[in-house]
Undergrad: 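First the structure, which I've put down as structure tokens, then a few questions once you've had a look.
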Amino acid sequence: MVKPKKTRFERKMALYGVIFTLPWILGLLLFHAYPLIMSIYYSFTSYSILDPGEWVGLENYQTMFKDHVFWVSIYNTLYFTVFFVPISIIFGVGLALILNLKIRGQGIYRTMFFMPSLVPPIATTIIWLWLLNPQFGLVNHWLEQVGIPGPAWLGSEYWSKPSLILMSLWGVGQSIVIYLAGLQDIPQDYYDAADVDGANMIQRLKNITLPLLTPVIFFNLIMGTIGALQNFVLPYTLSNGQGTPANSMMFYVMYLYTNGFGYLKMGYASAMAWILFLIVVILTALIFISQKRWVYYQGKD
């Protein structure tokens, strides 16, 4: 079958379409595609901001795996990811279930839990630096009231990462909104049928709510994992970019940034960026593969 030729008007409209999308296409090529391609090349060079550098092959990658701080940054990042992501999901789902109850002032409570996620990260840092101050912070003051000696929190190598996890839960309000949307998308017919069968609240939660909420949990698991692996603003601000105490707050993206813009090792930083990309791809792929075992969609077996 011969494909009909486009009319002059259709060609004109197509040309207008290209013209109107041209700024976006140029922005994509200039600010996304070009830096992406060049970062691959730079990862095999000794490039710095002040020096075009030379081709060094796999030297940056070999140096990376011999770098002690590199491995410390990976440990810190994985520690944060492994603990923060599950805790944030449990915390978010639990609060969403409470905020989904039909009670008076429901909108006010939802707003209260969402508001902290709107606070800029720098302001959040200042607030928590005061709350977790080991000498006059409110958290240690409250602990003393019940006879518990408060730790040094951010000043302790042992407590610094748990403190950061606690601070990061401050912004769980965004995921709560998504969980609430997922809860409200569950048909009421399922709950009515469960009531007829005599199911109690725990049984409804276990057999209806949580299974049908798994697609939303899956989405937040993916986004939370990617975000945790790229954690930067809070630890960088808390430690003034030094990763103190004893590199316990030196996260992967912080070390990448320090090498690129602190030590001007752009080639080395580019290599680190691609290693992080591979880690994100692998973990995301594993989560996608695992969804067949625990994610349930309405209308599918």
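Side-chain atoms are counted along with the backbone in the values below, which use heavy atoms only and exclude waters and symmetry mates. A quick note: this is a predicted structure, and the numbers were derived from the prediction, not measured.
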Undergrad: Taking Val18's backbone N and O only, do any of them form a donor-acceptor pair with Thr21's side chain (distance below 3.5 Å, no angle check)?
TA: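 Flag set: sc Thr21 to bb Val18 pair under 3.5 Å.
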
Undergrad: Test of understanding: clusters of I, L, V, M, F, W, Y form through side-chain heavy atoms closer than 4.5 Å, transitively. Do Leu58 and Tyr42 belong to the same one?
TA: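 Yes, Leu58 and Tyr42 fall within the same hydrophobic cluster.
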
Undergrad: Less than 4.5 Å apart, side chain to side chain, heavy atoms only: is that true for Val253 and Pro235?
TA: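 No, too far: nothing below the 4.5 Å cut-off.
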
Undergrad: Above 12 or not: heavy atoms from other molecules or residues under 6.0 Å from CG of Leu30?
TA: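 Yes, because the 6.0 Å sphere around CG of Leu30 holds more than 12 heavy atoms from other groups.
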
Undergrad: If we ignore hydrogens and angles and just use 3.5 Å, is the side chain of Asn200 paired with the main-chain N or O of Ile202 as donor and acceptor?
TA: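 Such a contact is found between Asn200 side chain and Ile202 backbone.
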
Undergrad: Could you give the distance from CG (Asn247) to CG (Asn76), rounded to the nearest 0.5 Å?
TA: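 That separation rounds to 7.5 Å.
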
Undergrad: Taking atom CE of Met223 as the centre, does the number of heavy atoms from other residues, nucleotides or ligands within less than 6.0 Å exceed 12?
TA: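 At most 12 heavy atoms, drawn from other residues, nucleotides or ligands, come within 6.0 Å of this atom.
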
Undergrad: Check step by step if side-chain contact (heavy atoms from CB on, under 4.5 Å) holds for Met167 and Leu238.
TA: CA-CA 11 Å; Met167 293 171 58; Leu238 289 169; 3.6 Å; yes

Undergrad: Drop me the distance from Trp294's CH2 to Leu221's CG, to the nearest 0.5 angstrom.
TA: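 Going from CH2 on Trp294 over to CG on Leu221, the span is 5.0 Å.
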
Undergrad: Where do Tyr268 and Met64 come nearest, in terms of heavy atoms and distance?
TA: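 Smallest interatomic distance, heavy atoms only, reads OH-CA, 3.2 Å.
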
Undergrad: Identify the heavy atoms of Val119 and Ala123 that sit nearest to each other, and give their distance.
TA: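 That would be CG1-CB, 3.6 Å.
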
Undergrad: Using every non-hydrogen atom in the two residues, find where Pro134 and Ala152 come nearest and quote the distance to one decimal.
TA: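 For Pro134 versus Ala152, the nearest heavy atoms are CB-CA, 3.9 Å.
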
Undergrad: Can you measure from CE (Met272) to OG1 (Thr63) and round to the nearest 0.5 angstrom?
TA: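 Met272 CE to Thr63 OG1: 12.0 Å, rounded to 0.5 Å.
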
Undergrad: For the residue pair Ile165 and Tyr79, establish whether any side-chain heavy-atom pair is separated by less than 4.5 Å.
TA: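 Counting from C-beta outward, Ile165 and Tyr79 do come under 4.5 Å.
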
Undergrad: Quick check on the hydrophobic clustering: are Ile148 and Trp159 connected, directly or via other members, by side-chain heavy-atom contacts under 4.5 Å?
TA: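 Ile148 clusters together with Trp159.
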
Undergrad: Pair Leu205, Leu210 - check side-chain contact (heavy atoms from CB on, under 4.5 Å), show working.
TA: CA-CA 6 Å; Leu205 176 66; Leu210 291 181; 3.9 Å; yes

Undergrad: Between Ala228 and Val85, what is the shortest heavy-atom contact and its length?
TA: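 In this case the closest contact between Ala228 and Val85 is CB-CG2, 4.0 Å.
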
Undergrad: Can you confirm whether Tyr158 is buried at OH, in the sense that more than 12 heavy atoms of other residues, nucleotides or ligands lie under 6.0 Å from that atom?
TA: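 No, the 6.0 Å shell around OH holds no more than 12 heavy atoms from other groups.
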
Undergrad: Taking side chain as C-beta onward, heavy atoms only, is Ser168 less than 4.5 Å from Phe80?
TA: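 Touching, per the 4.5 Å side-chain cut-off.
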
Undergrad: List the atom of Glu157, the atom of Ser248, and the distance in Å for their closest heavy-atom pair.
TA: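 In terms of heavy atoms, the two residues are closest at O-CB, 3.7 Å.
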
Undergrad: Counting heavy atoms not belonging to Phe65, are there more than 12 under 6.0 Å from its CZ?
TA: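 It does: Phe65 CZ has more than 12 such atoms within range.
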
Undergrad: Less than 6.0 Å separating the ring centroids of Phe218 and Phe288?
TA: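 Yes, the ring centres sit under 6.0 Å apart.
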
Undergrad: Hey, does Glu59 have a side-chain heavy atom less than 4.5 Å from the side chain of Phe44?
TA: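 With C-beta onward as the side chain, the pair stays apart.
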
Undergrad: Distance-only, no hydrogens or angles: does the Ser46 side chain make a donor-acceptor pair with backbone N or O of Glu54 under 3.5 Å?
TA: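 Checked: pair present.
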
Undergrad: Any donor-acceptor pair under 3.5 Å linking the side chain of Asn60 with the backbone of Thr45?
TA: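 Side chain of Asn60 to backbone of Thr45: a pair is present.
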
Undergrad: What's the separation between atom CG in Leu229 and atom CG in Leu78, rounded to the nearest 0.5 Å?
TA: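 So the CG of Leu229 and the CG of Leu78 are separated by 7.0 Å.
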
Undergrad: If you draw a 6.0 Å radius around CD in Gln135, do more than 12 non-hydrogen atoms from other residues or ligands fall strictly inside?
TA: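 Atom CD in Gln135 is not packed in, count stays at 12 or less.
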
Undergrad: Take Tyr109 and Ile103, measure what side-chain contact (heavy atoms from CB on, under 4.5 Å) needs, and give me the verdict at the end.
TA: CA-CA 10 Å; Tyr109 296 124; Ile103 59 176; 4.0 Å; yes

Undergrad: Apply side chain to side chain donor-acceptor pair (under 3.5 Å) to Tyr263 and Ser48, showing your working.
TA: CA-CA 9 Å; Tyr263 306 146; Ser48 70; over 6 Å; no

Undergrad: Any chance OH of Tyr34 has more than 12 other-residue heavy atoms, nucleotides or ligands included, within less than 6.0 Å?
TA: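 For Tyr34, atom OH is not crowded (no more than 12 foreign heavy atoms under 6.0 Å).
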
Undergrad: Verify the cluster assignment for Phe114 and Leu169: are they in a single hydrophobic cluster under the rule of side-chain heavy atoms below 4.5 Å apart?
TA: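 No, separate clusters.
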
Undergrad: Using the rule that Ile, Leu, Val, Met, Phe, Trp and Tyr join whenever any side-chain heavy atoms are under 4.5 Å apart, tell me whether Leu28 and Ile40 fall into a single cluster.
TA: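 Hydrophobic grouping puts Leu28 apart from Ile40.
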
Undergrad: Taking the side chain as C-beta and beyond, is there a heavy-atom pair between Asp195 and Arg204 under 4.5 Å?
TA: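 The answer is yes, as the side chains (C-beta and beyond) meet within the 4.5 Å cut-off.
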
Undergrad: Using a 4.5 Å cut-off on heavy atoms from C-beta on, say whether the side chain of Leu26 contacts that of Phe31.
TA: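 No; the side chains remain at least 4.5 Å from each other.
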
Undergrad: Can you measure from CG (Asn100) to CG (Leu95) and round to the nearest 0.5 angstrom?
TA: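 Result: 12.0 Å between the selected atoms.
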
Undergrad: Heavy atoms, side chains only, cut-off 4.5 Å: are Phe91 and Ser88 in contact?
TA: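 The answer is no; the side chains never approach within 4.5 Å.
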
Undergrad: May I ask you to check whether Phe136 and Trp130 place their ring centers less than 6.0 Å from one another?
TA: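 No, too far apart.
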
Undergrad: Would you say that Leu97 contacts Tyr179 through its side chain, given a criterion of any heavy-atom pair below 4.5 Å between the two side chains?
TA: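 The answer is no; the side chains never approach within 4.5 Å.
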
Undergrad: Do you reckon Ile25 sits in the same ILVMFWY cluster as Ile37, going by side-chain contacts under 4.5 Å, direct or chained?
TA: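 Result: no, two separate clusters.
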
Undergrad: Using a distance-only test with no angle check, is there a side-chain donor-acceptor pair under 3.5 angstrom linking Tyr191 and Thr209?
TA: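 Checked: Tyr191/Thr209 side chains pair up, N/O donor to acceptor below 3.5 Å.
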
Undergrad: CG/Leu164 to CH2/Trp153 distance, rounded to the nearest 0.5 angstrom?
TA: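 The distance works out to 12.5 Å.
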
Undergrad: Determine the minimum heavy-atom distance between Gln106 and Leu101, stating which atoms define it.
TA: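 In this case the closest contact between Gln106 and Leu101 is NE2-O, 2.7 Å.
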
Undergrad: Using the side-chain contact (heavy atoms from CB on, under 4.5 Å) rule, take Thr284 and Ile222 through it: C-alpha gap first, then chi angles, then the decisive distance, then the call.
TA: CA-CA 6 Å; Thr284 303; Ile222 292 287; 3.9 Å; yes

Undergrad: Is the CE atom of Met38 crowded by more than 12 outside heavy atoms at less than 6.0 Å?
TA: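 Buried by this count: over 12 neighbours within 6.0 Å.
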
Undergrad: Out of Tyr75, Phe251, Tyr252, Tyr61, which one pairs with Phe70 under the ring pair (Phe, Tyr, Trp, His ring centres under 6.0 Å) rule?
TA: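 Between Phe70 and the candidates, ring pair (Phe, Tyr, Trp, His ring centres under 6.0 Å) is satisfied uniquely by Tyr252.
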
Undergrad: If we ignore hydrogens and angles and just use 3.5 Å, is the side chain of Thr214 paired with the main-chain N or O of Tyr296 as donor and acceptor?
TA: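 Answer holds: yes.
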
